[in-house]
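The figures here come from the full heavy-atom set of this structure, side chains too, leaving out hydrogens, waters and symmetry mates. Here the structure is a predicted model, which means the values were calculated and not measured. Numbers here simply count residues along the sequence, with the first being 1.
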Amino acid sequence: MAQMPATPKLRRWLISCLAPLGLATLMPLAESEKAALAYRKSRSPVTAEQVTFLIPLVGAHHVDDWDAVCLRLQGTLDSLMGQTNPNWRAIICCQDIPSLPVDPRIDFLKFDDPTPGNDKWRKLSALYDWLKTSVDSPGYIMSFDADDLLHDGAVAEMLDRQADGYLVTTGFVMDHALGEYAIARPQNIIQLGQKALWKLCGSCCALRYDPKDPASIDFMQEMTQHEHRMFPYLTRLSGASLASFRETVVLYILNHGENFGARRGRVGFKTRFVQRFKIRDASLLDAIRNHFPKH
C-alpha cells in the first residue's frame, strides 16, 4: 500500500462547494473523500476523555542505526510521559520491538506484513484497525511520528477545550545537526516563504473519535493514507472544524540521522527553512527547553 495521491486543488474546491448541497458525489471521489462525506452525515457531539497517539515506527531493516531510532522514539515517549494531563495512551507499530518505558499507557502492535517498500501507511492502517477493537471511550486520535516531540501542555489543552479537532499551525523546527531552531507559522506579508507546521510535519492533526460511530474511525484511517497537507481539506469535508493550538505544541526535528524524509530525499528545503527563519530570541529558546524533553 503506497501513500495515496493528493486531490488536485481545483477539484478540492469544487468538491468542498458541492458537499453542503449534497452534490459532491457527482464528482469523482477518492476513498478518503467518500469516508469524509459519510462521516459528515453521522457526526454527533461527544466529550473526549483521552488522547490516543498512533506511532508508526520504521523497521530495523530500513535503517542504518536502529539504536538511534530507538533513542528518538524514547524522546517522543518522554514528551508524552511529561504531559501535565495524564489521560493519554500511545501505540507503536513496528516489525521489531524497541525498548519501551514501563508505562501502562504505552502499547506495542506487532507488524508482520512482508510486502517490500515503504510501509508507513500500512502501519498507520494497521494502527487504526487495532483502534477499532481496543478503544471504547471517545477521545482524540493523533498520528504522531516517532521522532517528533510534544509540548507538555498539549493533552491538557485538547481535553480542556473539546474542539472538533486541532491543527498545529505554529510549531518549532530543529536542525539537529546544527543545534538550531526555527519557528514555522502561516505566511504573512512580512515573512514571505513561511509555512504553517502542518505543511512541513505529519504530527500535526488531532481529531475526535467516537467508538459508537464507525464512520469516524473509517474517515481518519482513510485520511492518514494521504500526505498531511490533505488533512485540513478532508476534515472540513467531513463537517468538522479544526482549532489552532494556543501553544506551540510540536517540535519537528530534522537531520538527526534517520529521518523518514531523508530516505525520500525531501529534507534539503527544510534545512534551508531553518536557516531562513532561525530563532534568535533567548527567551523563546528557553521556553523550548522548558516545555520539551531533552533532545
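- What you find for Cys94 and Phe108 is that their closest heavy atoms are O-CZ, 3.3 Å.
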Working for side-chain contact (heavy atoms from CB on, under 4.5 Å), residues Tyr181 and Leu251: CA-CA 9 Å; Tyr181 300 82; Leu251 173 57; 4.2 Å; yes

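- Within the 4.5 Å cutoff, the side chain of Leu254 has heavy atoms near those of the Tyr252 side chain.
- Counting all heavy atoms, side chain and backbone alike, Phe292 lies closest to Thr248 at CZ-O, 3.6 Å.
- Under the side-chain hydrogen bond (donor to acceptor under 3.5 Å, both in side chains) criterion, the residue pairs touching residues 5-29 are Thr7-Glu33, with sequence neighbours excluded.
- Across all their heavy atoms, Leu127 and Pro56 have their closest contact at CD1-N, 3.9 Å.
- With hydrogens and angles ignored, the 3.5 Å screen pairs a side-chain donor or acceptor of Tyr140 with a backbone N or O of Ala163.
- Residues that satisfy the side chain to side chain donor-acceptor pair (under 3.5 Å) test with Thr47, not counting sequence neighbours, are absent from this structure.
- With 3.5 Å as the limit, one finds a donor-acceptor pair spanning the side chains of His291 and Asp152.
- Arg105 is linked by a salt bridge (Lys or Arg N to Asp or Glu O under 4.0 Å) to Asp103, counting only residues two or more places apart in sequence or in another chain.
- The main-chain N or O of Gln162 is found under 3.5 Å from a side-chain atom of Tyr166 such that the two form a donor-acceptor pair.
- Lys123 and Gln95 share a side-chain donor-acceptor pair at under 3.5 Å.
- Under the salt bridge (Lys or Arg N to Asp or Glu O under 4.0 Å) criterion, Asp286 pairs with Arg289, not counting sequence neighbours.
- Asp119 has its side chain within reach of His62: a pair of non-hydrogen atoms, C-beta onward, lies under 4.5 Å apart.
- With sequence neighbours excluded, the residues satisfying side-chain contact (heavy atoms from CB on, under 4.5 Å) with Pro138 are Val46, Glu49, Pro211.
- Among all heavy-atom pairs drawn from Val58 and Trp66, the shortest one is O-CZ3, 3.2 Å.
- For Arg276, the salt bridge (Lys or Arg N to Asp or Glu O under 4.0 Å) criterion is met by no residue, not counting sequence neighbours.
- With hydrogens and angles ignored, the 3.5 Å screen pairs a side-chain donor or acceptor of Gln225 with a backbone N or O of Trp121.
- Going from atom CG of Leu57 over to atom SG of Cys70 covers 7.0 Å, rounded to the nearest 0.5 Å.
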Please report the C-alpha distance between Thr52 and Gln50 in whole Å, then the side-chain angles of each, then the deciding distance to 0.1 Å, and finally whether the side-chain contact (heavy atoms from CB on, under 4.5 Å) criterion is met. CA-CA 7 Å; Thr52 300; Gln50 66 178 358; 3.9 Å; yes

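- Within the 3.5 Å criterion, the main-chain N or O of Pro186 finds no donor-acceptor partner in the side chain of Gln194.
- With Arg122 contributing its side chain and Thr115 its backbone, the two residues share a donor-acceptor pair below 3.5 Å.
- Side chains of Leu109 and Ile92 form no contact here, defined as non-hydrogen atoms less than 4.5 Å apart.
- The backbone N or O of Gln187 lies less than 3.5 Å from no partner atom in the side chain of Lys195, so there is not a single donor-acceptor pair.
- Remark: aromatic rings of Phe269 and Phe273 are distant, center separation not under 6.0 Å.
- In the hydrophobic cluster analysis, where Ile, Leu, Val, Met, Phe, Trp and Tyr join through side-chain heavy atoms closer than 4.5 angstrom, Met174 is grouped apart from Leu178.
- Under the 4.5 Å side-chain heavy-atom criterion for Ile, Leu, Val, Met, Phe, Trp and Tyr, Phe111 and Leu77 are members of distinct hydrophobic clusters.
- Side chain to side chain, Lys132 and Gln221 meet the donor-acceptor criterion of an N or O pair below 3.5 Å.
- Ser42 and Asp213 form a side-chain donor-acceptor contact under 3.5 Å, judged by distance and modelled atom types alone.
- By the 4.5 Å heavy-atom criterion applied to side chains, Phe245 and Val250 are not counted as neighbours.
- Here the side chains of Asp164 and Leu207 are not in contact, with every heavy-atom distance at 4.5 Å or above.
- Evaluation of the salt bridge (Lys or Arg N to Asp or Glu O under 4.0 Å) test over residues 169-185, restricted to residues two or more places apart or in two chains, returns Glu180-Lys278.
- Look at Arg89 and Asp107 and you find a salt bridge, because one of the NZ, NE, NH1 or NH2 atoms lies within 4.0 Å of a carboxylate O, short of that distance.
- Smallest separation of non-hydrogen atoms from Ala48 and Leu159: O-CD2, 3.7 Å.
- Atom CG of Leu167 is separated from atom SG of Cys204 by 6.0 Å, given to the nearest 0.5 angstrom.
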Are Tyr39 and Asp218 close enough, and set up right, to give a side-chain contact (heavy atoms from CB on, under 4.5 Å), and what steps lead you there? CA-CA 8 Å; Tyr39 186 32; Asp218 290 342; over 6 Å; no

Quick one, Phe277 with Val173, criterion side-chain contact (heavy atoms from CB on, under 4.5 Å). Give me CA distance, side-chain angles, the key distance, then yes/no. CA-CA 10 Å; Phe277 298 106; Val173 185; over 6 Å; no

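- For Lys41, the NZ atom sits in a loose shell: 12 or fewer heavy atoms of surrounding residues, nucleotides or ligands are nearer than 6.0 Å.
- With Asp65 contributing its side chain and Ala68 its backbone, the two residues share a donor-acceptor pair below 3.5 Å.
- Checked by atom type and distance alone, the side chain of Glu157 pairs as donor or acceptor with a backbone atom of Arg246 at under 3.5 Å.
- A distance of 12.0 Å separates CG of Leu14 from CG of Leu23, quoted to the nearest 0.5 Å.
- If you take OG on Ser238 and CE on Met223, they are separated by 8.5 Å, rounding to the nearest 0.5 Å.
- In this structure Leu71 satisfies the side-chain contact (heavy atoms from CB on, under 4.5 Å) test with no other residue, sequence neighbours excluded.
- Checking each of Asp96, Asp64, Asp147, Val63 against Val69 for a side chain to side chain contact (heavy atoms under 4.5 Å, CB included) leaves exactly one that passes, namely Val63.
- Between Leu150 and Leu80, the shortest heavy-atom distance links the atoms CD2-CD2, 3.8 Å.
- Under the side chain to side chain donor-acceptor pair (under 3.5 Å) criterion, His226 pairs with Ser32, not counting sequence neighbours.
- With rounding to the nearest 0.5 angstrom, the CZ atom of Phe219 is 9.5 Å from the OG1 atom of Thr224.
- Put simply, the side chain of Asp148 reaches to within 4.5 Å of the side chain of Cys201, judged on heavy atoms.
- Within the structure, side-chain hydrogen bond (donor to acceptor under 3.5 Å, both in side chains) pairs that include any residue of residues 77-86 comprise Gln74-Asp78, Asn85-Asn87 (at least two apart or interchain).
- For Asp145, the salt bridge (Lys or Arg N to Asp or Glu O under 4.0 Å) test picks out Lys120, with sequence neighbours left out.
- For Ser134, the side chain to side chain donor-acceptor pair (under 3.5 Å) criterion is met by Trp130, not counting sequence neighbours.
- In this structure the side chain of Ile288 reaches within 4.5 angstrom of the side chain of Ile279, judged on heavy atoms.
- At least one side-chain heavy atom of Cys205 sits under 4.5 Å from a side-chain heavy atom of Leu242.
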